[in-house]
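Remember, it's a predicted structure, so these values are computed and weren't measured experimentally. Hydrogens, waters and symmetry mates are skipped; everything else that's a heavy atom, side chains included, is used.
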Amino acid sequence: MDILLGILRLTAAILVAILLGKCVAKLKLPAILGWLLTGMLLGPFAFNVLDSQLLDASWYKAVSHFFECAVGLMFAKELVFKKLKSLGKQIMTITIFEAMGTFLVVSVAFSVLFYFMGIPLYVALVFGGIALATAPAPSLSIVNEFKTKGPITNTLIPITMLDDVIAMIVFFTVNSYVASLGSTSSGSVLTILASSIALPVGLGIGIGFAVSLLFKKEMSQSKILCATLFSLAMTFGIAYAIDHFVLATPIINYMLLGMATFTTLANLVPEHTMTKIANSVSPVVGIGLMLMIINLGAPLDYRLILGAGLLTTIYIISRAFGKYFSTYLGAHVSNAEPTVKKYLGFVLLPHSGVSLVFTGMAVTSLSTFDTESAVLVQGTIAAAAVINEIIAVIIAKKGFEWGGELSTTKATSPDSAVVNNY
């Protein structure tokens, strides 16, 4: 009966998230913010529909892990090695400068602040790791709506493919280091990295090779759907069995596992087959991402947002500073177009839903030994996600406008505005 009631509550939460997501989308903001608000409103600190007992239930965690595997497919379909190789040195240079520069700027800014506040400096690295990812949806929606054309648009699209890859590598490394600090075992950081990254990646590659055999022949869409769901279930089932019956402590990252499995598959099957695979389970992936964000918002005490003003402001400003100037430097080093140097950084400001997922993982790691820092990270990023999206989407549109790439708008860059005034 408890499980049935829990399923009904979860179903209600998903329906509310869909509704709020659509309402937020009408305000020209990402629907993901509506999902985050749903978790906060229905969580233990508000209406308590998703109470602590439900969130801690083993069946609920198992369902969440299954959908995390599905979310991994969302990244995998873009990680075809042939595509990545064809992007060119310029795109790679800009992306690496932009990502690592943002990580360094945010980490240093918080390290200085936390030094005087007496907060552990490893928390600064957590903020830096979370700050890397960029939301492609807001900027790409502007591309579609205004039919933008030009160097900024041409550079933006491949960067959105690579940015989250680097973000995941850096974040998982930082998160593994933080997890090692709270580990009661004598294992080193390398041991933690091996178990939390190498294990799911290695397991995913092996499963990916196995399930690729299912897609060697042409199949109807219905058979592809069945084969994909079977692959997801097998991936989750094998990992869950290892996590709970082989390992002393459950440690597998299911999203990373799903990404490794389907990245392997994406590189072994034809592109059109992978497109069919991704399309066949797109509703499952959508629900999975929605559930991950609801789970992030549910345990969040909304009152903490009001108390995170200073840290939220510093996070937003340092991240924007890091994104813009690191992008500018990368574009300069790679001899990119002048408009790319000046305005691409503005287009990359929107925060990523992946960052909210990263926050949930970081909070889980910190909660084992430093609950105060876990609360600090959770409240700061939740507030920043809402505030930054509103500001960044407006600035992103301006970036295209200043670069002269809005087809419905005459270029009005700050440079030309100065000329016009004279």
Side-chain angles (χ1 to χ4, degrees), residues 30 78 84 87-110 127-143 146 148-171 314-355 358 384-385 387-406 411-416:
E78 303 295 346
L84 296 179
L87 295 179
K89 292 182 179 180
Q90 185 179 91
I91 297 299
M92 289 295 297
T93 300
I94 295 175
T95 307
I96 291 172
F97 268 80
E98 169 262 320
M100 298 310 299
T102 302
F103 172 72
L104 290 174
V105 170
V106 175
S107 297
V108 169
F110 276 96
F127 279 112
I130 293 172
L132 269 71
T134 301
S139 295
L140 293 180
S141 66
I142 295 173
V143 170
F146 293 94
T148 64
K149 294 181 180 179
I152 298 174
T153 303
N154 295 338
T155 306
L156 168 70
I157 294 176
I159 281 182
T160 59
M161 294 172 56
L162 291 171
D163 186 78
D164 281 352
V165 177
I166 298 176
M168 281 185 280
I169 293 172
V170 174
F171 173 78
I314 292 174
Y315 178 82
I316 292 174
I317 293 176
S318 63
R319 181 179 179 274
F321 185 91
K323 283 283 182 183
Y324 180 81
F325 286 102
S326 297
T327 301
Y328 184 96
L329 182 60
H332 177 75
V333 170
S334 62
N335 297 316
E337 295 279 348
T339 53
V340 174
K341 294 181 186 178
K342 293 180 180 180
Y343 308 122
L344 178 62
F346 293 123
V347 177
L348 294 173
L349 289 182
H351 216 299
S352 175
V354 177
S355 295
F358 286 173
I387 298 170
N388 187 79
E389 283 305 320
I390 297 172
I391 299 173
V393 170
I394 297 172
I395 295 178
K397 182 181 176 183
K398 278 294 183 182
F400 284 114
E401 182 180 340
W402 292 334
E405 297 194 11
L406 291 188
T412 54
S413 70
D415 302 322
S416 62

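- Classified by interplanar angle (parallel below 30°, tilted 30° to 60°, perpendicular above 60°), the ring pair His332/Tyr328 is parallel.
- The backbone N or O of Lys342 sits less than 3.5 Å from a side-chain atom of Tyr324, completing a donor-acceptor pair.
- At a threshold of 4.5 Å between non-hydrogen side-chain atoms, the residues Val340 and Thr327 do not count as touching.
- Using modelled atom types and a 3.5 Å distance limit, the side chains of Ser326 and Thr102 yield no donor-acceptor pair.
- Within the 4.5 Å cutoff, the side chain of Met92 has no heavy atoms near those of the Ser334 side chain.
- Under a 3.5 Å cut-off, the side chain of Arg319 and the backbone N or O of Leu349 do form a donor-acceptor pair.
- In this structure, Ile166 and Phe171 have side chains that are not in contact, with every pair of non-hydrogen atoms separated by 4.5 Å or more.
- Residue Glu98 comes nearest to Leu132 through the heavy atom pair OE2-O, 3.9 Å, listed as atom of the first residue, atom of the second, then distance.
- The distance from atom CD1 of Ile91 to atom CG of Asp163, rounded to the nearest 0.5 Å, is 12.0 Å.
- With hydrogens and angles disregarded, no donor-acceptor distance shorter than 3.5 Å links the side chain of Glu337 to the backbone of Ile152.
- Counting heavy atoms from C-beta outward, Ser318 and Phe110 have side chains that approach closer than 4.5 Å.
- Going from atom CG of Leu348 over to atom CD1 of Ile395 covers 12.5 Å, rounded to the nearest 0.5 Å.
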